[in-house]
Amino acid sequence: MRNKDWATRERVRAYALALLSLNGVFFACIYDILEVLKLFYDIQREGTRMKVSFDLDDTLFVSPDEFETEAVPSFTYKWKYKERLRKGTIELFERLQDMDVEIWIYTTSFRSERYIRGLFRCYGLEVESIVNGERHAKEVQGARAEAMPSKYPSRYRIDLHIDDDVSVAQNGRVYGFKVFIVGPQDDNWTEKIVEEVERIQKIVK
């Protein structure tokens, strides 16, 4: 741990010196100083936060005919987004973030990252990272001749993936990643996910 702390300090120190000096010319600004502080914070937390990813269609994005949904956040939302958010998602995201969990989106759809982030921000929600169909094809499948699974959370060091598709869970058993399946309307679906996250956190600590 002592060696790791020393390495962390050296990395931050080197970055700070690079900011403060370029060919002997001193420069600095508030933004750069904040970037150094953010880097230090990120390094300290690196590898310590649990990552949980969510599928979109039929997991978080659901039909109001079959599921209870969150209230539409604004009148203009309906003009831009047709998707409806599963009831409990807002509270679930907030609870997970309070537990210092990174929230990812992992979807086979080709919705753009901008579109997905914009939708969640309408509900006051932020996600750490997004893997859509395009990113998956580039970073997971790539030039491999053999077909890769439709989702491969291990590629991104995701600790738990939430999905409605049982085939994803089957791939998880083959490729070694954890999947929690959510089904039809269930008033306790968020509590079940929180319990699974807590169970995994106890194991990895």
Side-chain angles (χ1 to χ4, degrees), residues 38-39 42-43 45-67 69-70 73 77-86 88-90 92-93 96-97 100-184 189-190 192-193 196-197 200 204:
K38 181 179 183 299
L39 175 65
D42 289 344
I43 290 173
R45 302 178 74 189
E46 186 178 348
T48 63
R49 300 180 69 195
M50 182 177 178
K51 295 180 182 179
V52 175
S53 62
F54 289 85
D55 171 50
L56 290 181
D57 295 300
D58 298 320
T59 299
L60 295 183
F61 295 167
V62 296
S63 168
D65 296 331
E66 300 177 14
F67 293 86
T69 59
E70 299 282 5
Y77 175 93
K78 295 181 180 180
W79 293 353
K80 189 171 184 179
Y81 304 105
K82 66 181 184 298
E83 294 87 355
R84 295 296 176 265
L85 204 58
R86 187 170 183 155
T89 301
I90 296 174
L92 175 60
F93 275 34
L96 292 178
Q97 288 169 341
D100 201 27
V101 171
E102 284 188 22
I103 297 175
W104 286 47
I105 298 299
Y106 200 149
T107 175
T108 55
S109 81
F110 283 82
R111 297 179 181 89
S112 70
E113 179 177 342
R114 180 178 180 180
Y115 180 91
I116 295 170
R117 286 192 185 280
L119 186 152
F120 279 102
R121 282 171 178 165
C122 286
Y123 289 93
L125 302 175
E126 293 289 342
V127 295
E128 190 78 20
S129 190
I130 296 170
V131 182
N132 60 8
E134 181 180 2
R135 182 177 175 184
H136 173 89
K138 179 180 178 181
E139 298 178 352
V140 177
Q141 185 60 49
R144 294 178 176 84
E146 72 279 11
M148 296 297 288
S150 61
K151 296 186 177 80
Y152 195 27
S154 300
R155 165 66 174 75
Y156 304 98
R157 297 183 180 179
I158 292 170
D159 300 287
L160 178 65
H161 175 69
I162 314 299
D163 211 294
D164 70 296
D165 190 344
V166 294
S167 69
V168 176
Q170 292 168 350
N171 285 333
R173 288 190 286 271
V174 174
Y175 289 91
F177 54 85
K178 295 183 178 65
V179 179
F180 184 89
I181 295 294
V182 293
W189 74 284
T190 59
K192 292 175 182 177
I193 290 173
E196 180 66 7
V197 169
I200 296 173
V204 299

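Only heavy atoms go into these numbers, but all of them, side chains included; no hydrogens, no water, no symmetry mates.
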Steps toward side chain to side chain contact (heavy atoms under 4.5 Å, CB included) verdict (E102, M50): CA-CA 6 Å; E102 284 188 22; M50 182 177 178; over 6 Å; no
Trace of the side chain to side chain contact (heavy atoms under 4.5 Å, CB included) decision for F61 with R111: CA-CA 13 Å; F61 295 167; R111 297 179 181 89; 3.9 Å; yes
Verdict with reasoning, V131 to V140, per side chain to side chain contact (heavy atoms under 4.5 Å, CB included): CA-CA 10 Å; V131 182; V140 177; 5.8 Å; no
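Between L85 and L60 the shortest side-chain heavy-atom distance falls below 4.5 Å. With contacts defined as side-chain heavy-atom distances shorter than 4.5 Å, the pair V182/I193 qualifies. Inter-residue side-chain proximity for N132 and R135 is flagged as met; some heavy-atom pair is nearer than 4.5 Å.
Taking every heavy atom of both residues into account, Y152 and Y106 meet most closely at N-OH, 2.9 Å. Nearest heavy atom pair, residue L119 against residue Y123, reads O-CD1, 3.4 Å. The heavy-atom pair separating R49 from V101 by the smallest distance is NH2-O, 3.8 Å. Nearest heavy atoms, P149 versus N171: CB-ND2, 3.7 Å. Nearest heavy-atom pair across I200 and D159 is CD1-O, 4.4 Å. When all heavy atoms of S150 and V168 are compared, the closest pair comes out as OG-CG2, 4.2 Å.
Checked against the 6.0 Å centroid threshold, F93 and F54 count as a close aromatic pair. For Y115 and Y81, the ring centers sit closer than 6.0 Å to each other.
I103 CD1 to S129 OG: the interatomic distance, rounded to the nearest 0.5 Å, is 12.5 Å. For the atom pair I181 CD1 and W189 CH2, the distance stands at 13.0 Å (nearest 0.5 Å). Taken from NE2 in H136 to CZ in F110, the straight-line distance is 9.0 Å, to the nearest 0.5 Å. For the atom pair CZ (R84) and CZ (F67), the distance works out to 15.0 Å, reported to the nearest 0.5 Å. For the atom pair T190 OG1 and L96 CG, the distance stands at 9.5 Å (nearest 0.5 Å). Annotation: the span from Q170 atom CD to D165 atom CG amounts to 8.0 Å, rounded to 0.5 Å.
For the side-chain contact (heavy atoms from CB on, under 4.5 Å) with S53, the qualifying choice from V127, I130, I158 is I158, the only one to do so.
Between E70 and R86 there is no salt bridge, since no side-chain nitrogen of the basic residue lies less than 4.0 Å from a carboxylate oxygen of the acidic one. Salt bridge annotation for K51-E128: absent, with no cationic side-chain nitrogen under 4.0 angstrom from a carboxylate oxygen. A salt bridge is defined here as a Lys NZ or Arg NE, NH1 or NH2 lying under 4.0 Å from an Asp or Glu carboxylate O, and K151 with D55 meets this definition.
Enclosure of atom CD in E139 by more than 12 non-hydrogen atoms of other residues, nucleotides or ligands within 6.0 angstrom is indicated. Counting non-hydrogen atoms of neighbouring residues, nucleotides and ligands closer than 6.0 angstrom, the CZ atom of R144 exceeds 12 such neighbours.
Proximity of a side-chain donor or acceptor of H161 to a complementary backbone N or O of S154 within less than 3.5 Å is not detected.
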